[in-house]
Protein chains: 2
Amino acid sequence: MNQSTRQAQRRDALVAALRRVAGERGILQANVRTVAAEADVSAGSVLYYFPTFDDLVAAAVEGVLEEFYERRRRIAEEVADPRERLRAMIDAGIPDEISSDLRIVYESIALLPERPQLRPLHRSIVERQVMLYRTTLEIGAGVGVFRPRTPVAAIARNLVALEDSYDMYPLIGLGLDRDECRRAVLDYAALALDCEL
Amino acid sequence: MNQSTRQAQRRDALVAALRRVAGERGILQANVRTVAAEADVSAGSVLYYFPTFDDLVAAAVEGVLEEFYERRRRIAEEVADPRERLRAMIDAGIPDEISSDLRIVYESIALLPERPQLRPLHRSIVERQVMLYRTTLEIGAGVGVFRPRTPVAAIARNLVALEDSYDMYPLIGLGLDRDECRRAVLDYAALALDCEL
DNA sequence: CAGAAAGTTGAATGCATGTTCAAGTTCCTT
DNA sequence: AAGGAACTTGAACATGCATTCAACTTTCTG
C-alpha cells in the first residue's frame, strides 16, 4: 500500500470519527480532543492530517452531504418505472429513524455564518435533490403516467421541502409517525400528479 | 416605576441584544461579551440579571419561538373567512425576507443536544402551528368551502412542513423566489382542499 | 438626608479549546 | 543494516470563554 493511499485512509478514519462524535453527541461536541479520542490517536495526529480542525469539519460535512445525495441518486437510477421510482425516492427520503448523518446536516446550519465555504455544499445538495425529483416527474409526465396539475419544477421543490422538514422534526423531539409522514408526502404527489401511488 | 418592572425591562433589553447579535452574526457568535457590548453594559451586568449565560440564551430562544407563533396566531384570528385566512397564513408563513428571528429558530437546533430544555419549545411551536392550520381547515371543511381529499391533519402538517423548509432555505444560501414558494404552497393547498385559492 | 438596597464595573479566575513543537517511534528505501 | 522520511505523541502555549467578586455608584426608603 503506497503512502498517499494510507494518508487518505488515515484522513478518512478521522472524518469517520468526527461523524460518529457529531452524530451521537451533537456537532458542537466535536472538537480536536473528542475526535482524537474517538479515533484512538492523539490530538497532535489529528492536526498532522488536517492543517486546521475546521478543515476536518468541512471534510466531514461535505462527506455527509455527498453521501446523502449519492444514496438518493442511486435509488433513483435503480428503478426504471416512474411511479415505482417516485415511491422509492420518497421512502428513502423519509427514513424510519433519524440517522446521525441527518443530524449533522441540520446542525451544521449553525456553522454557516462562521464557515461560508460550507454554504454552497448545502445549497447544491438541495438543488440536486430537486433535480432528481424533477427528472423523475418529467419522465413520468412524458410517458403519460403522471399528469401534473401544477408545474413539475414546483412539485419537485415541494417534495424535497416536505422531506427536509420531516427529516428535521425528529431532531427537535417531534416524533411523528414515519409511515404517516411518507403517506402524507405520497398523497401530495398523487394529487399533484393525478396518479395513484 | 417599581423595581420588578425595571428588572424585567433590563432583562428584556439583554434578550433583545442577544437576538440582534444572534440574528446578525449567527447564534454561535452570541456570548457574554458580544451581548454585553451590544446592550452597552459590562459582562458582569449580564450575569447580574441572568444566573448563567445559558439562561439568557434560553430566554431569547423561547421569546423568538413564542413571538413567531403569536404572530401567526394573530393573523389567523383576524381573518374570519377560511379561504382568506388560509391565504393570509401562508403569506405570513413565507415572508419575503428571512428575518433574523427565523435564523435563530433554525440555528438553535444545534444547541439542543447541550440544552435539552429548549427541545420542548421547538416541538411545541411546530405542534401549535399545525393546530392553527388544522382548525382553519376544519372550519372551512365544516362550511363546505374546503373539500379535503386527504385527512386534514395530514394537510395541516404538510403545510407547516413546506413553510418550515422554505423558511430555512435562505439560510443555506438557496434564494428561491418567495412568490413562487408561496404559489407552490397555495397550489398544494388548493389541490388538497379541492378549492380555488 | 442617611443608610440600605440595587445595580454596575472591570479585573481576576479557571477551564476548554485550537495549535505548535521538540522528542521519540515506526516505516521505507537503498 | 543505516539513514532518512513519515508518523505519533503529549506537554506547552495562546486565546476565548463563562463566571466570580470586591469595589464603587446609583436609586430607593424611612
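None of the values given here were measured: they were computed from a predicted structure. Here is the naming used below: chain letters follow the sequence lines, and residue numbers restart at 1 for every chain.
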| said: Strictly below 4.0 Å: does B:R10 bring a side-chain N or O up to OP1 or OP2 of C:dT8? | reply: yes
| Quick one: ring-ring contact (aromatic ring centres under 6.0 Å, His included) pairs with a partner in residues 175-197 of chain A, sequence neighbours left out? | A:Y188-B:Y188
| Residue pairs involving residues 23-41 of chain A (criterion salt bridge (charged side-chain N to carboxylate O under 4.0 Å, His left out); sequence neighbours excluded) | A:R20-A:E38
| request: Could you pull out all residues at least two apart from B:Y133 that satisfy ring pair (Phe, Tyr, Trp, His ring centres under 6.0 Å)? | output: none
| task | Name all residues meeting the side chain to side chain donor-acceptor pair (under 3.5 Å) criterion together with B:S99; count only those two or more places apart in sequence or in a different chain, and write none if there are none. | result | none
| message | Strictly under 4.0 angstrom, non-hydrogen atoms only: write out the protein contact profile of nucleotides 10-27 of chain D, one letter per nucleotide from the 5' end, B, S or -. | response | B-B----BBBB-------
| message | Rounding to an integer number of Å, can you tell me how far A:R25 CZ sits from C:dA16 C1'? | response | 14 Å
| What is the distance from OH of A:Y48 to P of C:dT19, rounded to the nearest Å? | 17 Å
| note | Here the salt bridge (charged side-chain N to carboxylate O under 4.0 Å, His left out) pairs for residues 104-125 of chain B, sequence neighbours left out, are B:D54-B:R115, B:R103-B:E107, B:R123-B:E127
